[in-house]
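Reading through the structure tokens given below for one structure.
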Amino acid sequence: MNVNDAKFPIVVLISGYGSNLQAIMNEIDAGFCPAEIRAVLSNEPEASGLERAKRANIPTEVIQHRDFQNRKQFEKALMKSIDKYQPKLIVLAGFKRILGNEFIQHYPKRIINVHPSLLPKYPGLNSLEQVLAAGETEHGVSIHFVTNELDAGPLIVQIKVPVLKDDTVVTLGARIQQLEQKLYPQVITWFATGKIKCGN
Ligand code: GRF
């Protein structure tokens with residue numbers, strides 16, 4: 001597939017570094033993912049993922065949650081921005097805000113998230129630290145559809161990695177991130193080509 005055929009419109013929401021965003025951009029550029037990133041939105045103005053998008057001439061917007069009185073108003077502004085780009089899929093890539101029901105219902109079965117744990121184990125933040133502290137022998141990555149329960153929507157794919165004896169947050173984290181970056185563009189490709197959909 002050629003990059004010019006990349007037409008399945010997505011919007012990516014980030015809060016930080018954007019390594020998953022970068023992986024998606026790379027796969028699109030290489031012609032392996034038939035998506036088009038219409039925009040990258042961040043709730044954090046300092047998110048370095050924004051620079052990655054700008055370098056690739058992808059429109060960016062910052063909608064700071066702190067500028068709004070409550071989550072509802074923040075999400076209203078977020079939806080207004082997203083809807084300008086008419087995405088068929090909303091990709092959460094390190095987006096560190098919990099999304100409310102109204103937002104989720106606005107994009108039914110069209111929001112996905114990547115989470116660094118074997119869900120339903122270790123939802124929320126700091127899963128690596130928790131896995132190591134608990135002495136788990138395996139860890140992994142989950143990609144799932146987003147519902148109004150945190151990190152609990154229908155699973156699309158889950159891959160395990162062993163936790164090694166000397167693993168630290170850095171070494172285990174690096175392996176988890178590598179896995180995320182391989183899997184997430186693949187899942188977007190599956191969704192874009194109709195190979196998966198959310199049945200729930
Ligand atoms: C990833 O580990 C992802 O699983 C989690 O947040 C992190 C984002 O990393 N939801 P990046 O911003 O894509 O580098």
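Ligands are counted one by one from 1 in listed order, and the atoms in each one are counted from 1 as well.
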Review point. Among protein heavy atoms, which lies nearest atom 8 (C) of ligand 1, and at what distance?
Key: Gly94 CA, 3.5 Å

Review point. For atom 13 (O) of ligand 1, which candidate among Asn113, Val114, Leu125, Asn20 provides the closest heavy atom?
Key: Asn20

**Study point:** Under 4.0 Å to a heavy atom of Glu180 - the qualifying atoms of ligand 1, by number
**Key:** 1 (C), 2 (O), 3 (C), 4 (O)

Check your understanding: Applying a strict 4.0 Å limit to heavy atoms, is Gly49 in contact with ligand 1?
Key -> no

Check your understanding: Are side-chain N/O atoms of Tyr85 and Glu61 paired as donor and acceptor at under 3.5 Å?
Key -> yes

Revision key, fill the gap. The protein heavy atom nearest to atom 14 (O) of ligand 1 is Ser19 OG, 2.5 Å

Exercise for review: Report yes or no: do Tyr184 and Asn113 form a side-chain donor-acceptor pair below 3.5 Å?
Suggested key: no

Review point. Is it the case that Glu44 and Ser15 place a side-chain donor and acceptor less than 3.5 Å from each other?
Key: no

Point to revise | Flag for Tyr122-Glu136: side-chain donor and acceptor within less than 3.5 Å | key: yes

Check your understanding: ligand 1 and Leu21, any nitrogen or oxygen pair closer than 3.5 angstrom?
Key -> no

Exercise for review: With heavy atoms of Lys96 as the reference, note each atom of ligand 1 found under 4.0 Å away.
Suggested key: 6 (O)

Review point. Can you say whether the rings of Phe74 and Phe95 are parallel (under 30°), tilted (30 to 60°) or perpendicular (over 60°)?
Key: parallel

Study note, to complete from the structure: atom 12 (O) of ligand 1 sits nearest the protein heavy atom Gly18 N, 2.8 Å

Exercise for review: Establish, from distance only, whether the side-chain atoms of His139 and Asp167 form a donor-acceptor pair under 3.5 Å.
Suggested key: no

